[in-house]
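In this text the structure is predicted, and so the values were computed from the model without any measurement.
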Amino acid sequence: MQGLRPAWKEAAWIFGLSRLVILLVSYISVVMLPFFSPGQSLVGMALNCSHQPGPCLLAWYHYDAVAYIRIAYQGYSSTPDVAFFPLFPMLVHAGGLLLGGIFPYSYYAASLLISNICFYLLLVLLYALLCQEFEPAIAHRALVCLAFYPYAMFFFAGYTESLFLLLCLAIFLLLRRGKAVDWWLAGLLGFLAALTRSTGIVLLLPLLVIYIQRFWLPRERGKHTWLQRVSALASLALIPAGLIAYMAYLGYTKGDFFLVSHVEATASWHRHLTLPGLAFGPAIGTLFTQSLFSQAFVQNLLDIGFTLIPLTVLVLGWRLVPLHYALFALAVALFSLSFPQMAEPLASQPRYMLMLFPIFVVFALWGKRPRFDLWFLALSLPLFVLNIILFITHHWVA
């Protein structure tokens with residue numbers, strides 16, 4: 001814990017500043033801006049939170065957050081909800097009960113608390129991890145880039161982004177030490193990551209690379225016994241076990257072992273497995289069929305742009321970060337792009353790209369150049385604020 005003291009301190013002020021910006025923009029959005037729903041007429045004028053506290057308090061109760069809270073309260077009674085993996089709603093359920101068990105308020109408050117606690121902890125772990133790979137100034141810049149990235153508001157909302165990235169960073173930090181117990185703890189966290197979202201399965205790739213580097217490179221072969229090698233490899237089986245456990249639960253309770261993929265393909269998402277990258281063609285094509293500057297056009301343009309930007313940064317900067325970090329980012333990106341939506345091929349992809357934490361390390365390294373940080377914040381911060389306003393005013397962001 002002594003070695004983590006600078007990380008707790010550094011994370012605290014970045015966390016506090018980013019939460020202050022979010023709360024301030026949220027308040028302004030609720031109190032001073034009218035509420036519009038996409039494709040609908042004006043549904044509400046500016047509010048006085050002292051007289052109408054409900055809409056003010058529930059300002060972040062939209063989209064996937066509603067689904068997680070519903071699951072936390074009533075389980076998977078609605079079959080389409082099985083697309084949302086169980087760990088986060090389980091935590092929200094426990095937190096909601098501790099806060100009084102009132103639906104939706106207690107569960108909504110719990111979801112925000114859990115998401116933000118996880119975000120603070122992931123900032124701590126990211127700083128500690130990067131200080132072991134780079135100098136503290138790089139770790140500091142990476143935290144700022146992550147906290148004020150245009151889509152970082154999903155680390156505040158009752159979504160799984162904070163929890164999932166926290167688990168991933170904890171795994172990488174554990175395996176830097178690499179004792180036998182660390183491998184099993186990392187496997188257990190991988191099990192939980194696979195119960196948080198389907199993307200968790202891709203952790204196998206970077207962890208296998210770490211395993212090979214640690215146990216099978218020529219300079220390492222004489223340092224470990226066969227028992228240590230087998231034990232470390234066996235611990236990695238816990239990662240797919242998380243996904244298998246959820247599938248087994250659905251098979252037992254719903255009668256369909258593959259219900260997640262069936263729901264994804266037929267419910268609101270219409271996601272199907274395809275080659276990564278094929279979604280860009282239809283997404284770009286829709287730009288020519290939509291009215292210029294219409295909401296659909298702008299949303300599609302942002303989806304394309306903020307899917308391409310992280311991928312471009314990863315391609316240009318992958319040599320600047322450890323190989324297993326780059327492979328983790330690549331695996332997450334390819335997995336996410338392999339399941340596009342039919343109607344909006346790149347919908348949600350900018351949010352999924354938030355998990356590519358190595359791109360924020362690359363941004364931080366590029367920040368050594370004069371004025372790069374200023375340019376980054378000048379472009380990122382206004383979009384960060386805009387996305388908060390859009391989400392608060394009932395518009396789809398990602």
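A donor-acceptor distance shorter than 3.5 angstrom exists from the side chain of S380 to the backbone of F148, with no hydrogens or angles considered. A donor-acceptor distance shorter than 3.5 angstrom exists from the side chain of Y108 to the backbone of L57, with no hydrogens or angles considered. Although no hydrogens or angles enter the test, the distance criterion places no donor-acceptor pair under 3.5 Å between the side chain of S115 and the main chain of S111. Using a distance-only test at 3.5 Å, with no hydrogens or angles considered, a donor-acceptor pair links the side chain of H395 to the main chain of T393. When atom types are taken as modelled, the side chain of Y61 and the backbone of I69 share no donor-acceptor pair closer than 3.5 angstrom. Between the side chain of Q228 and the backbone N or O of T225 there is at least one donor-acceptor pair closer than 3.5 Å. Between the R271 side chain and the F339 main chain, a donor and an acceptor come within less than 3.5 Å of each other. Using a distance-only test at 3.5 Å, with no hydrogens or angles considered, a donor-acceptor pair links the side chain of N116 to the main chain of F156. No donor-acceptor distance shorter than 3.5 angstrom exists from the side chain of H394 to the backbone of F391, with no hydrogens or angles considered. The closest donor-acceptor contact from the side chain of T199 to the backbone of V332 lies at 3.5 Å or more, if one exists at all.
Separation of atoms CG (L112) and OG (S162) is listed at 10.5 Å; rounding is to 0.5 Å. Rounding to the nearest 0.5 Å places OG1 of T196 at 9.5 Å from CZ of F85. Residue Y325 holds its OH atom at 12.0 Å from SG of C168, rounded to the nearest 0.5 Å. Rounded to the nearest 0.5 Å, atoms CG (L58) and CH2 (W60) are 13.5 Å apart. Here the CG-CG distance, from L189 to L166, works out to 8.5 Å after rounding to the nearest 0.5 Å. With values rounded to the nearest 0.5 angstrom, L327 atom CG is found 8.5 Å from W318 atom CH2.
In this structure the side chain of L122 reaches within 4.5 angstrom of the side chain of L146, judged on heavy atoms. Using a 4.5 Å cut-off on side-chain heavy atoms (C-beta onward), I71 and P86 make no contact. Two residues are said to be in side-chain contact when any heavy atoms from C-beta on lie closer than 4.5 Å; I14 and H140 meet this criterion. With a 4.5 Å cut-off on side-chain heavy atoms, T286 and T289 count as touching. Looking at S26 and I388, their side chains come closer than 4.5 Å, going by heavy atoms from C-beta outward. By the 4.5 Å heavy-atom criterion applied to side chains, F376 and L381 are not counted as neighbours. Put simply, the side chain of L302 reaches to within 4.5 Å of the side chain of Y151, judged on heavy atoms. L323 is listed as a side-chain neighbour of V209, based on a closest heavy-atom distance under 4.5 Å.
G190 approaches I239 most closely through the heavy-atom pair CA-CG1, 3.8 Å. Of all non-hydrogen atoms in H62 and I392, the two that sit nearest each other are NE2-O, 3.5 Å. Of all heavy-atom pairs between D373 and G367, the closest is OD1-CA, 3.4 Å. The two residues A110 and V92 come nearest to each other via the heavy atoms CB-O, 3.8 Å. Nearest heavy atom pair, residue L195 against residue G242, reads CD2-O, 3.2 Å. Here the closest non-hydrogen pair linking L203 and A193 is CD1-CB, 3.7 Å.
Around NZ of K254, the count of heavy atoms belonging to other residues, nucleotides or ligands within 6.0 Å exceeds 12. Around CE of M247, the count of heavy atoms belonging to other residues, nucleotides or ligands within 6.0 Å exceeds 12. Dense packing is recorded around CZ of F84, with more than 12 heavy atoms of other residues, nucleotides or ligands lying under 6.0 Å away.
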**Q.** Steps toward side chain to side chain contact (heavy atoms under 4.5 Å, CB included) verdict (V202, L330)
**A.** CA-CA 9 Å; V202 307; L330 178 63; over 6 Å; no
(Q) Using the rule given for side chain to side chain contact (heavy atoms under 4.5 Å, CB included), can you reason through V25 versus I389, listing the C-alpha separation, both sets of side-chain angles and the distance that settles it, and then say yes or no? (A) CA-CA 7 Å; V25 175; I389 294 172; 3.6 Å; yes
**Q.** ring-ring contact (aromatic ring centres under 6.0 Å, His included) evaluation trace for F328 with F357
**A.** CA-CA 9 Å; F328 167 77; F357 76 90; 5.7 Å; yes
Q: Take S77 and Q74 through the side-chain hydrogen bond (donor to acceptor under 3.5 Å, both in side chains) test and state the conclusion after the steps.
A: CA-CA 6 Å; S77 58; Q74 65 184 28; 3.1 Å; yes
Q: Mind running side chain to side chain contact (heavy atoms under 4.5 Å, CB included) on I102 and Y107 for me, showing each step along the way?
A: CA-CA 7 Å; I102 302 172; Y107 300 93; over 6 Å; no
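L208 and L173 fall within the same hydrophobic cluster, defined by Ile, Leu, Val, Met, Phe, Trp and Tyr side-chain heavy atoms under 4.5 Å apart, directly or through other members. Transitive grouping of hydrophobic side chains (ILVMFWY, heavy atoms separated by less than 4.5 Å) brings V260 and F191 into a common cluster. Under the 4.5 Å side-chain heavy-atom criterion for ILVMFWY residues, a single connected hydrophobic cluster contains both F103 and I114. Cluster annotation: L273 and F335 are assigned to the same hydrophobic cluster (Ile/Leu/Val/Met/Phe/Trp/Tyr, side-chain heavy-atom contacts under 4.5 Å, transitive). A continuous path of ILVMFWY side-chain contacts below 4.5 Å connects W13 to L123, so both sit in one hydrophobic cluster.
The aromatic rings of H324 and F172 are tilted relative to each other, their planes meeting at an angle between 30° and 60°. Under the 30°/60° scheme for interplanar angles, the aromatic rings of Y246 and Y76 are found to be tilted. Taking the six-membered ring where tryptophan is involved, the planes of Y211 and W183 are perpendicular, since the angle between them exceeds 60° and thus also 30°.
Partners of W366 according to the side chain to side chain donor-acceptor pair (under 3.5 Å) rule, which considers only residues two or more places apart in sequence or in another chain, do not exist here. Under the side-chain contact (heavy atoms from CB on, under 4.5 Å) criterion, T266 pairs with no residue at all, not counting sequence neighbours. Remark: Y149 engages F360 in a ring-ring contact (aromatic ring centres under 6.0 Å, His included) (not counting sequence neighbours).
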Contacts table for residues 306-316: side-chain donor-acceptor under 3.5 angstrom, sequence neighbours left out:
residue : atom : partner : partner atom : Å
T307    : OG1  : D303    : O            : 2.6
T312    : OG1  : L308    : O            : 2.8

Pair up each side-chain donor or acceptor in residues 341-351 with any protein partner under 3.5 Å, not counting sequence neighbours, and list the distances.
residue : atom : partner : partner atom : Å
Q349    : NE2  : S336    : O            : 3.0
R351    : NE   : A398    : O            : 3.2
R351    : NH1  : E161    : OE2          : 3.1
R351    : NH2  : D64     : OD2          : 3.3

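Geometrically, R5 does not engage W8 in a cation-pi contact, judged by NZ or CZ lying under 6.0 Å from the ring centre and within 45° of the ring axis. Cation-pi geometry between R197 and F164 is met: under 6.0 angstrom from the ring centre, within 45 degrees of the axis.
Salt-bridge annotation for K368 and E135: present, with a side-chain N of the basic residue lying under 4.0 Å from a carboxylate O of the acidic one.
Residue pairs that meet the side chain to side chain donor-acceptor pair (under 3.5 Å) test with at least one member in residues 79-103, sequence neighbours left out, are R70-D81.
For the residue pair W184/S231, the side-chain donor-acceptor check at 3.5 Å is satisfied.
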